[in-house]
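We count residues from 1, following the sequence as given. Because the structure is a prediction, the values reported are computed rather than measured.
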Amino acid sequence: MAEPEVRGIDAARVTDWLCKHVGELAPPLRFERIPGGHSNLTYRVSDNEGRLCVLRRPPLGAVLATAHDMGREHRIISALAQSDVPVPPALGLCKDESVNGAPFYVMDFVEGDVLATAQDALAHTSEQQRGPIGESLIDVLTRLHAVDIDAIGLGDLARREDYLGRQLRRWHTQWERSKTRELPDMDKAYHLLLERRPEQQGATIAHGDYRLGNMITRDARIVAVLDWELCTLGDPLADVAYLVNHWIEPGERGAALRGGAGAPSAVPGFPDRDELLRRYRERTGRDLGGIDYYCAFQFWRSAAIVEGVLARYLKGVMGGDADTDAFRAQVDGLAAAALERLEARGEFA
């Protein structure tokens, strides 16, 4: 038995699969889309006795060939369970598309709060808790970048060398395939990024979307890192730059393109960007002198990612509606920020 259908879930078939492969579930199962993401679709699954788990599947309809690999995500969180990086426990992977129209995987539900917005931070944390949360965010990142890749079985996840070259090629290709119009700033920034690539500082696991909105917090610390779909092996400074690009300080101007004044870090109590960078440098010994390049790269990369999201919404494959004009404006702003950073190498706006 199953509850009525929700878009993206064949409730009867998925219920049958979960009861056979996950176990300890008491049907009927209820499926509820968890809002907030703009790529893979995430659902909360609850059974008749109150047990919870989480199901992840690709967007509806056609997707880009290299994206939305459920088996890869499942493999990553399963491997990281052997490390001291907090991840939700993996429960199962379904590769049989006849069950739900696409592969999906299931993980345990982790209790806590996702601080995706300033309202979330105000509702679920005190000002005194926000400093420790910011410190925990950096400490978890340093632990991720210290994981022995081979020891946990991820040594063949991707090539380790030429991270920036690989990423620039990948996202330039994605941009060309999904762009909804011509944007000269994207092309100019791309060529400058190619010309100015710095030497890579070793190879680590690179999360690819490391920000507060992709964490579960509880008791003023990070208890689970989510959304591993962009994870690869490569340059750890790319994660650091992505985090500080999304780290909006209270009252900051020019914040809209990096997540807006409504970002969780925009409320009082969190460390500032310099404190985050200092803590990371002290714990890893890595040279952050070239972080400006990586910030420009992440602005450009984010523009390509958001353009892909915009294209999927315009095609109607995301299971809902969105303000596509706002996405378009964000892409324009991100591309301009990347180019400005490369040309001026100035401080944050």
Inset, instruction - Name all pairs fulfilling the side chain to side chain donor-acceptor pair (under 3.5 Å) condition that reach into residues 84-96, sequence neighbours left out, sorted by first residue then second. - result: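 Side chain to side chain donor-acceptor pair (under 3.5 Å) check on residues 84-96 returns Asp96-Ser98.
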I'd like to know if the side chain of [X] reaches the main chain of [Y], judged simply by a donor and an acceptor atom lying under 3.5 Å from each other, with no hydrogens or angles considered.
{"X": "Ser265", "Y": "Ile248", "answer": "yes"}
{"X": "Arg72", "Y": "Cys231", "answer": "yes"}
{"X": "Arg130", "Y": "Thr125", "answer": "yes"}
{"X": "Trp247", "Y": "Pro271", "answer": "yes"}
{"X": "Arg196", "Y": "Leu342", "answer": "yes"}
{"X": "Thr217", "Y": "Ala220", "answer": "no"}
{"X": "Glu176", "Y": "Thr173", "answer": "no"}
{"X": "Glu249", "Y": "Arg273", "answer": "yes"}
{"X": "Asp47", "Y": "Ala26", "answer": "yes"}

Inset, instruction - Evaluate side-chain contact (heavy atoms from CB on, under 4.5 Å) for Ile34 paired with Tyr43, printing each intermediate quantity in order. - result: CA-CA 5 Å; Ile34 299 175; Tyr43 301 83; 5.8 Å; no
Any side-chain donor-acceptor pair under 3.5 Å between [X] and [Y]?
{"X": "Tyr280", "Y": "His145", "answer": "yes"}
{"X": "Thr142", "Y": "Asp139", "answer": "no"}
{"X": "Glu73", "Y": "Asn40", "answer": "yes"}
{"X": "Thr42", "Y": "Arg56", "answer": "yes"}
{"X": "Arg301", "Y": "Gln298", "answer": "yes"}
{"X": "Asp10", "Y": "Asn100", "answer": "no"}

Inset, instruction - State yes or no: are the ring centers of Trp17 and Phe104 separated by less than 6.0 Å? - result: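 For Trp17 and Phe104, the ring centres are under 6.0 Å apart.
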Inset, instruction - Compute the centroid of each ring, for Tyr190 and then for Trp175, and state whether the two points are separated by less than 6.0 Å. - result: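 Aromatic pair excluded; centres sit 6.0 Å or further apart.
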Could you report the tightest heavy-atom contact between [X] and [Y], atom names first, then the distance?
{"X": "Ala121", "Y": "Val267", "result": "CB-CG2, 3.8 Å"}
{"X": "Arg57", "Y": "Gly8", "result": "NH1-O, 3.1 Å"}
{"X": "Ala238", "Y": "Tyr294", "result": "N-CD2, 3.9 Å"}
{"X": "Gly234", "Y": "Arg166", "result": "CA-NH2, 4.2 Å"}
{"X": "Ser83", "Y": "Val147", "result": "CB-CG2, 4.0 Å"}
{"X": "Ser178", "Y": "Gly308", "result": "OG-CA, 3.8 Å"}

Would you compute the distance between atom [atom1] of [X] and atom [atom2] of [Y] and round it to the nearest 0.5 angstrom?
{"X": "Leu168", "Y": "Phe297", "atom1": "CG", "atom2": "CZ", "value": "5.5 Å"}
{"X": "Arg197", "Y": "Asp235", "atom1": "CZ", "atom2": "CG", "value": "12.0 Å"}
{"X": "Leu277", "Y": "Ile138", "atom1": "CG", "atom2": "CD1", "value": "7.0 Å"}
{"X": "Asp287", "Y": "Gln201", "atom1": "CG", "atom2": "CD", "value": "5.5 Å"}
{"X": "Ser78", "Y": "Tyr105", "atom1": "OG", "atom2": "OH", "value": "9.0 Å"}
{"X": "Leu137", "Y": "Arg279", "atom1": "CG", "atom2": "CZ", "value": "10.5 Å"}

Legend entry - Contacts of type side-chain hydrogen bond (donor to acceptor under 3.5 Å, both in side chains), residue Arg221, not counting sequence neighbours: none
Inset, instruction - Step through the shown structure and confirm whether more than 12 heavy atoms of other residues, nucleotides or ligands are within 6.0 Å of CD on Glu199. - result: no
Legend entry - Atom CD of Glu97: over 12 foreign heavy atoms under 6.0 Å: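 Check passes, neighbour count above 12.
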Measure the shortest side-chain to side-chain distance between [X] and [Y] over non-hydrogen atoms and say whether it is less than 4.5 angstrom.
{"X": "Leu157", "Y": "Arg75", "value": "yes"}
{"X": "Pro236", "Y": "Val240", "value": "no"}
{"X": "Leu29", "Y": "Leu18", "value": "yes"}
{"X": "Phe31", "Y": "Ser46", "value": "no"}
{"X": "Leu122", "Y": "Gln119", "value": "no"}
{"X": "Cys94", "Y": "Pro103", "value": "no"}
{"X": "Tyr313", "Y": "Val309", "value": "yes"}
{"X": "Leu55", "Y": "Ile9", "value": "yes"}

Inset, instruction - Could you point out which residue of Arg181, Arg312, Lys179 forms a salt bridge (Lys or Arg N to Asp or Glu O under 4.0 Å) with Glu307? - result: Arg181
Inset, instruction - Before giving the answer on side-chain contact (heavy atoms from CB on, under 4.5 Å), spell out for Val140 and Val225 the whole-Å C-alpha distance, their side-chain angles and the decisive distance to 0.1 Å. - result: CA-CA 9 Å; Val140 169; Val225 182; 3.8 Å; yes
Inset, instruction - Test side-chain contact (heavy atoms from CB on, under 4.5 Å) on Trp300 and Leu339 and set out the steps. - result: CA-CA 8 Å; Trp300 176 87; Leu339 186 60; over 6 Å; no
Legend entry - Worked verdict on Leu25 versus Arg51 for side-chain contact (heavy atoms from CB on, under 4.5 Å): CA-CA 7 Å; Leu25 291 173; Arg51 184 184 175 190; 3.9 Å; yes
Does [X] pair with [Y] as a salt bridge, N-O distance under 4.0 Å?
{"X": "Asp16", "Y": "Lys20", "answer": "yes"}
{"X": "Asp113", "Y": "Arg218", "answer": "no"}
{"X": "Asp162", "Y": "Arg170", "answer": "no"}

Legend entry - Within one Ile-Leu-Val-Met-Phe-Trp-Tyr cluster: Leu237 and Trp171, side-chain cutoff 4.5 Å: yes
Inset, instruction - Say whether Ile222 and Tyr242 are linked into one hydrophobic cluster, either directly or through other cluster members, by side-chain heavy-atom distances under 4.5 angstrom. - result: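 They do not share one cluster, since no chain of ILVMFWY contacts under 4.5 Å joins Ile222 to Tyr242.
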Inset, instruction - Give me the one residue out of Ile152, Asp148, Ile76 that meets side-chain contact (heavy atoms from CB on, under 4.5 Å) with Ile205. - result: Ile152
Legend entry - Whichever hydrophobic residues join Ile216 through chains of side-chain contacts under 4.5 Å: Val110, Val114, Val223, Leu226
Inset, instruction - Verify salt bridge (charged side-chain N to carboxylate O under 4.0 Å, His left out) between Asp150 and Arg160, making sure each step is shown before the conclusion. - result: CA-CA 12 Å; Asp150 295 309; Arg160 306 186 195 199; 2.6 Å; yes
Legend entry - Aromatic ring pairing His207/Tyr210, orientation class (parallel under 30°, perpendicular over 60°, tilted between):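 Rings of His207 and Tyr210: perpendicular, over 60°.
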